[in-house]
Amino acid sequence: MLAQRSRNTAPEMALRRTLHALGFRYRVNLPLPGMRRRRSDLTFVRWRTVVFVQGLLACLSAAHARAGEQRGVVAGEVRGQRSTGHHTDTRLVRMGWVPLRIWEHEVIDAAVGKVVRALGEQGHPRALRILGAAAPTSV
């Protein structure tokens, strides 16, 4: 588990590059409010939106895992990751923040769309402009 990178992973960097190219500015690896030991991958502070790019520990192949005990460790890590994420999301929502979970296997366009929609709901002017341009015009 020590070999797992916690930040600047390939999916995270792809999401950051695309959002930056669209003109969005964000903070990286910022401690969460009220939870100093937890950090978000992207934080839009003014818009009270945090983005977590989740890795898939469950995708570790059996060839890389030792028999029996290691599979149990991986399963425990996945359960722990889910419960920690749920706890973090619940606390953030109670404090008025919008948490987003993007999975590393998601298509980048879908992930960017999810972030832009969430920021649009928060009133971000650039997101509203992008969403307005993308909306089909009815005749």
Side-chain angles (χ1 to χ4, degrees):
M1 298 316 284
L2 291 175
Q4 286 289 99
R5 294 179 68 164
S6 63
R7 64 183 207 180
N8 298 334
T9 61
E12 180 185 338
M13 294 301 292
L15 179 65
R16 284 168 41 185
R17 273 193 293 275
T18 307
L19 287 171
H20 194 273
L22 289 172
F24 291 99
R25 301 301 178 252
Y26 44 81
R27 303 280 306 270
V28 177
N29 199 32
L30 194 68
L32 297 175
M35 296 177 272
R36 290 287 173 202
R37 295 189 62 138
R38 297 204 180 132
R39 295 176 170 271
S40 63
D41 294 316
L42 303 174
T43 305
F44 298 88
V45 177
R46 183 172 177 194
W47 309 105
R48 299 178 70 88
T49 303
V50 295
V51 179
F52 301 96
V53 180
Q54 298 290 122
L56 295 176
L57 292 174
C59 289
L60 290 176
S61 66
H64 291 7
R66 285 180 290 184
E69 72 176 63
Q70 189 67 22
R71 286 191 195 102
V73 169
V74 170
E77 285 290 330
V78 170
R79 276 194 306 276
Q81 187 180 28
R82 285 186 187 144
S83 68
T84 301
H86 178 71
H87 177 262
T88 301
D89 290 354
T90 303
R91 285 194 57 187
L92 286 169
V93 168
R94 266 193 241 132
M95 292 187 295
W97 286 73
V98 177
L100 295 174
R101 301 252 171 212
I102 306 292
W103 293 94
E104 72 178 5
H105 66 277
E106 284 186 55
V107 177
I108 192 68
D109 293 335
V112 169
K114 198 185 285 189
V115 174
V116 170
R117 278 191 301 281
L119 289 171
E121 290 172 5
Q122 294 295 103
H124 192 292
R126 185 170 304 276
L128 293 173
R129 212 169 332 151
I130 291 170
L131 293 170
T137 56
S138 59
V139 177

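These numbers come from the heavy atoms of this one structure, side chains and all, not from hydrogens, waters or symmetry mates.
A side-chain hydrogen bond (donor to acceptor under 3.5 Å, both in side chains) check over residues 107-123, counting only residues at least two apart or in different chains, returns the pairs E106-K114. The salt bridge (Lys or Arg N to Asp or Glu O under 4.0 Å) analysis of residues 17-35, with sequence neighbours excluded, yields no pairs. Annotation: salt bridge (Lys or Arg N to Asp or Glu O under 4.0 Å) contacts involving residues 40-53, sequence neighbours excluded, are absent.
The closest side-chain heavy-atom distance from D89 to F52 is below 4.5 Å.
Linking ILVMFWY side-chain heavy atoms closer than 4.5 Å, directly or via other members, places V51 and L22 in a single hydrophobic cluster. Cluster membership for V53 and L30, using ILVMFWY side-chain heavy atoms within less than 4.5 angstrom, is not shared. No chain of hydrophobic side-chain contacts below 4.5 Å, direct or via other Ile, Leu, Val, Met, Phe, Trp or Tyr residues, connects V50 to V45. Taking hydrophobic clusters as Ile, Leu, Val, Met, Phe, Trp and Tyr residues chained together by side-chain heavy-atom distances below 4.5 Å, I108 shares a cluster with I130.
Here W97 pairs with nothing under the ring pair (Phe, Tyr, Trp, His ring centres under 6.0 Å) rule; sequence neighbours left out. Residues satisfying the side-chain contact (heavy atoms from CB on, under 4.5 Å) criterion with L128, sequence neighbours excluded, are absent altogether. Residues passing the side-chain contact (heavy atoms from CB on, under 4.5 Å) test with M35 are L32, R38, T88, R91, L92, M95, sequence neighbours excluded. For the ring pair (Phe, Tyr, Trp, His ring centres under 6.0 Å) test, residues two or more places apart in sequence or in another chain that qualify with F24 are H124. The side-chain hydrogen bond (donor to acceptor under 3.5 Å, both in side chains) check on S40 picks up T43, with sequence neighbours excluded. Residues satisfying the side-chain contact (heavy atoms from CB on, under 4.5 Å) criterion with V93, sequence neighbours excluded, are P99.
The NE2 atom of H20 lies 11.0 Å from the CE atom of M13; values are rounded to the nearest 0.5 Å. We find the CG-CH2 distance between L119 and W47 to be 8.5 Å, quoted to the nearest 0.5 Å. Put simply, OG1 on T18 and CZ on R16 are 11.5 Å apart, with the number rounded to the nearest 0.5 Å.
Residues P31 and R36 approach most closely at CB-NH1, 3.7 Å, considering heavy atoms. Taking all atoms of both residues into account, the shortest heavy-atom contact from A127 to G120 is CB-N, 3.5 Å.
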